[in-house]
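Note on naming: letters A, B, ... go to the chains in the order of the sequence lines (proteins, then strands), and numbering restarts at 1 for each one. The basis for the numbers below is simple: all heavy atoms, side chains too, and nothing from hydrogens, waters or symmetry mates. On a predicted model such as this, the values are computed, not experimentally measured, just so you know.
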There are 2 protein chains.
Amino acid sequence: MSSNFSITEENYIKAIYHLQQATGSVTTNELSASLLTKPASVTDMLKKLKVKKLLHYEPYKVFYLTAEGKKIALNIIRRHRLWEFFLVEKLAFGWDEVHEVAEELEHVGSKKLVDKLDSYLDFPKFDPHGDPIPDVNGKMSIVQQVNLTELPLNKLAQVTMVGSQSTELLELLSHKDITIGTKLEVKKKFSFDKSVEVKVKNLAPVNISEQLAKVLFVKPV
Amino acid sequence: MSSNFSITEENYIKAIYHLQQATGSVTTNELSASLLTKPASVTDMLKKLKVKKLLHYEPYKVFYLTAEGKKIALNIIRRHRLWEFFLVEKLAFGWDEVHEVAEELEHVGSKKLVDKLDSYLDFPKFDPHGDPIPDVNGKMSIVQQVNLTELPLNKLAQVTMVGSQSTELLELLSHKDITIGTKLEVKKKFSFDKSVEVKVKNLAPVNISEQLAKVLFVKPV
DNA sequence: AATTTTTTTTAGATTTGTCTAAAAAATATT
DNA sequence: AATATTTTTTAGACAAATCTAAAAAAAATT
């Protein structure tokens, strides 16, 4: 009674889950952009997922996961984030190198494997990017995190999450020596370009562009 | 430049490798039996593997892997056996429960993952069934093991390998309290049914049928 | 409100891996 | 050596997941 879903189906379910987090529903074009497939291919899969009762979908309407679909999505996300944690914690991967590998490992469905891995890792609550890991029942912690652009001046905070996994972003962060857990303070905000000056540890202040600040989430400490 | 081969192709390559260990080559029927597919499906894949230069194959002839094909097979086997070791050693799986899960994990191709896993496990030389694990160059240790039927009387030996992974076999072994590493001595051989009486540790001697003895391999200590 | 544009779906084709049924080749038997 | 049997391959079909091109529906614009 393991997974029952193909890797492709799992990838659709996961993508729909993530996209519907924003507005509660998803459109065909959004999903096709997210998966790098054509809208026609998406339509085919939507019909399939509807038949399997994982998706609320009517032609030409927006769609969203059923309770069952959400449950499955959370399980896939659980697997993905547990593996990311494992790769960083045990195998000494950099936290910016784990995403692709976890994309593959997440499709190994054995419940026994996942639960034993969870236990071996001591039931971690957050993955290396600061995203919460669903527990065996699909529940996950919520962080009271704010976007770096909303952090008040001179308030010490810790980076908890990075809102994208692109290599370009991770390269930039690594250059600026910012990672999950980094403690920082916003020293100045520039209204001209909405960039912020941030002090990391005792180093010289660095400037963070609006684009970058928008994907950095922090938790006041 | 990772794996480049589909899961199906990898399964064919692995099965051919194992089958050709016996006689140096494989027939279509043997392979179809081993993979639980029809001979016609096998023929299709053979042509594909030949095009990819992984297989020496001419219609109606026996076939065998090229050097390149063997290299790929060894890499798949490396992944499989490393994961089996991980599951038993780190996740506390029973050695008789790991095969199916490893069948899935073995298809995650990332070289970095596999090499880091190898290092994390401290470069194990044998998997939990006693099978040698190919190293990063495809080399593996050879055990000077003999079949239990060939072990001389009263010679202390250690179980190194079990020549099958069937649940039925593993259940029987577990009942007789025999596992990889178990030390035993053959006390008597019965010519009538070719069964042997074996003393395990200080327990009362147990009788092992010819069929069972044939799949048990031991190394004199 | 009518028209244009965008979005989504349908129709039909392609690739991968599978199948069945029939043909061809190799092997075994008489 | 001729015939029968077994093995293997070919031919054609099917399911999953994709695509392109065209049609239909919805949304935006005039």
Among [options], the one nearest [X] by side-chain distance:
| X | options | answer |
| --- | --- | --- |
| Ser41(A) | dT18(D), dT10(D), dT10(C) | dT18(D) |
| Tyr60(B) | dA11(C), dA25(C), dT10(D) | dA25(C) |
| Thr8(B) | dT18(C), dT9(C), dT9(D) | dT18(C) |

Starting from [atom2] on [N], measure out to [atom1] on [X] and report it in whole angstrom.
| X | N | atom1 | atom2 | value |
| --- | --- | --- | --- | --- |
| Lys47(B) | dT18(C) | NZ | P | 14 Å |
| Leu46(A) | dT18(D) | CG | P | 12 Å |
| Met45(B) | dT9(D) | CE | P | 14 Å |
| Asp44(B) | dT9(D) | CG | C1' | 9 Å |
| Tyr57(A) | dT10(C) | OH | C1' | 11 Å |
| Ile7(B) | dT18(C) | CD1 | C1' | 16 Å |
| Phe63(B) | dT9(D) | CZ | C1' | 13 Å |

*Residues in salt bridge (charged side-chain N to carboxylate O under 4.0 Å, His left out) contact with Arg78(A), at least two apart in sequence or another chain*: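 If we apply the salt bridge (charged side-chain N to carboxylate O under 4.0 Å, His left out) test to Arg78(A), skipping adjacent residues, the hits are Asp115(A), Asp118(A).
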
*Contacting residues from residues 25-39 of chain B, given that a heavy atom lies under 4.0 angstrom of DNA chain C*: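 Thr37(B), Lys38(B) - these, ordered by number, are the residues of the stretch whose heavy atoms sit under 4.0 Å from the strand.
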
*asked:* Let me spell it out: for each of Tyr12(A) and Glu58(B), pick the nucleotide of DNA chain D with the closest heavy atom. Which residue's pick is nearer the 5' end?
replied: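 Upstream on the strand: Glu58(B).
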
_Pair Glu84(A), His80(A): side-chain N/O donor-acceptor within cut-off below 3.5 Å_ =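 A donor-acceptor contact under 3.5 Å links the two side chains.
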
*Indicate whether the side chain of Asn29(B) and that of Thr27(B) have a donor and an acceptor atom separated by less than 3.5 Å.*
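Asn29(B) vs Thr27(B): no donor-acceptor pair found between side chains.
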
*Is the cationic atom of Lys90(B) (NZ for Lys, CZ for Arg) positioned less than 6.0 Å from the six-membered ring centroid of Tyr120(B) and within 45 degrees of its normal?*
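Flagged: Lys90(B) positioned over aromatic ring of Tyr120(B).
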
*For Thr149(B), does its backbone N or O pair with a side-chain atom of Asn147(B) as donor and acceptor, under 3.5 Å?*
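Side chain of Asn147(B) to backbone of Thr149(B), a donor-acceptor pair under 3.5 Å: yes, one is there.
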
Side chains of residues 66-73 of chain B: which donor-acceptor pairs under 3.5 Å do they make with residues two or more places apart or in other chains?
from: Thr66(B); atom 1: OG1; to: Lys53(B); atom 2: O; distance (Å): 2.9
from: Thr66(B); atom 1: OG1; to: Leu54(B); atom 2: O; distance (Å): 3.2
from: Thr66(B); atom 1: OG1; to: Glu68(B); atom 2: N; distance (Å): 3.4
from: Thr66(B); atom 1: OG1; to: Gly69(B); atom 2: N; distance (Å): 3.0

_In the structure I gave you, are the side-chain heavy atoms of Lys219(B) and Met161(B) within less than 4.5 Å of one another anywhere?_
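The answer is no, as the side chains (C-beta and beyond) never meet within the 4.5 Å cut-off.
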
_Phosphate OP1/OP2 of dT7(C) contacted by Lys61(A) side-chain N/O (<4.0 Å)_ =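 Checking Lys61(A) against dT7(C): no side-chain N or O falls below 4.0 Å of OP1 or OP2.
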
